[in-house]
Amino acid sequence: MKNIRRIAVAVAVAGGAAAVFAGTAGATTTDSSALPCTANQFSTKLVYGGAGAGQRNAAMQFTANEGERCVLSGRAEVNLVGAHNVLVNNEAPADAPPVLIANGSSAYVPLHWTAIGSDDEQQTPNAVTMTAPAGSNPHGDPIDPNVTVDWTFGAVDAGADSHTIDVGALTAGEAPAA
């Protein structure tokens, strides 16, 4: 009888470990035990998503550092540095669901813009920024929430008719690349 209980306990523990591993293997929607991300819990990069008919697509991708587990807001606070005539249009709904990233998993926000204007109607951003959801760790130590990534995708329309970079909702997974 003791062996049957031991086997049952071993199966239950193994099943629970498998469920935990499956939950951290990829970015998923959040659970209530995960804390908001600080800027030092993930790395950030821009991923080029391709172009067509004057349209450009890219994404700002966030990848959890090994051993880290945290939640990013579904509506990321994205801004530009430089290119003062280019606006950021956050199209994500205010109630976009947050996303859990853990142990190397990723999430991204899509970026879309045009670049078909004449040279005098275009500007090139210096960088794109995002504000992490938390400005301190669980111990209360302050951590700068600002994340800045150099803009490497060239000019963006800055004319009166077309002058925005549209930002979508945070999506679990790696950003689609061209």
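Treat the numbers as computed from the prediction; the structure is a model and nothing was measured. Throughout, residue positions are numbered sequentially from 1 according to the sequence presented.
- In terms of heavy atoms, Gly49 sits closest to Ala178 at C-CB, 3.6 Å.
- Proximity of Pro125 to Val81: side-chain heavy atoms (C-beta onward) are nowhere separated by under 4.5 Å.
- You'll find the side chain of Leu46 reaches within 4.5 Å of the side chain of Trp151, heavy atoms only.
- Looking at Phe42 and Val147, their side chains come closer than 4.5 Å, going by heavy atoms from C-beta outward.
- Not counting sequence neighbours, His163 has no partner by the side-chain hydrogen bond (donor to acceptor under 3.5 Å, both in side chains) test.
- Closest heavy-atom contact between Asn126 and Gly82: ND2-CA, 3.8 Å.
- Val88 approaches Asn79 most closely through the heavy-atom pair CG2-CA, 4.0 Å.
- Interatomic distance, CG of Leu170 versus CD of Gln61, reported as 10.5 Å (0.5 Å rounding).
- More than 12 heavy atoms of other residues, nucleotides or ligands sit less than 6.0 Å from atom CD of Glu68.
- Of all the heavy atoms in Ala155 and Ala115, the pair that sits closest is O-CB, 3.5 Å.
- Taking 4.5 Å as the limit, every side-chain heavy atom of Val99 sits out of range of all side-chain heavy atoms of Thr171.
- Connection of Tyr108 to Val47 is not established within any shared hydrophobic cluster, with ILVMFWY side chains joined at heavy-atom distances below 4.5 Å, either directly or through further cluster members.
- Between Val149 and Lys45, the closest side-chain pair of non-hydrogen atoms is not below 4.5 Å.
- Side-chain N/O atoms of Ser118 and Asp120 include a donor and acceptor closer than 3.5 Å.
- Applying the side chain to side chain contact (heavy atoms under 4.5 Å, CB included) test between His112 and each of Ile165, Asp166, Asn89, Val167 identifies Asp166 as the sole match.
- Proximity of Leu111 to Phe153: side-chain heavy atoms (C-beta onward) are nowhere separated by under 4.5 Å.
- In this structure, Asn90 and Val78 have side chains that are not in contact, with every pair of non-hydrogen atoms separated by 4.5 Å or more.
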Under the side chain to side chain contact (heavy atoms under 4.5 Å, CB included) rule, what do Asn146 and Thr131 come out as? Steps first, then yes or no, please. CA-CA 5 Å; Asn146 299 307; Thr131 304; 3.8 Å; yes

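- Judged purely by atom type and a 3.5 angstrom limit, Arg69 has no side-chain atom pairing as donor or acceptor with the backbone of Ala102.
- For the atom pair Ile116 CD1 and Gln55 CD, the distance stands at 7.0 Å (nearest 0.5 Å).
- Residues satisfying the side-chain hydrogen bond (donor to acceptor under 3.5 Å, both in side chains) criterion with Gln123, sequence neighbours excluded, are absent altogether.
- The distance from atom CD1 of Ile101 to atom CZ of Phe62, rounded to the nearest 0.5 Å, is 8.5 Å.
- Using a 4.5 Å heavy-atom threshold, the side chains of Thr124 and Val156 count as separate.
- Between Thr63 atom OG1 and Asn103 atom CG the span is 12.0 Å, to the nearest 0.5 Å.
- Few gaps surround CG on Asp141; more than 12 heavy atoms of other groups in view lie less than 6.0 Å from it.
- Residues Cys70 and Pro36 come closest through the heavy atom pair CB-C, 4.2 Å.
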Ser162 vs Glu121, test: side chain to side chain contact (heavy atoms under 4.5 Å, CB included). Steps then yes/no. CA-CA 9 Å; Ser162 180; Glu121 291 187 331; over 6 Å; no

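- For the side chain to side chain contact (heavy atoms under 4.5 Å, CB included) test, residues two or more places apart in sequence or in another chain that qualify with Ile143 are Thr38, Asn40, Asn137.
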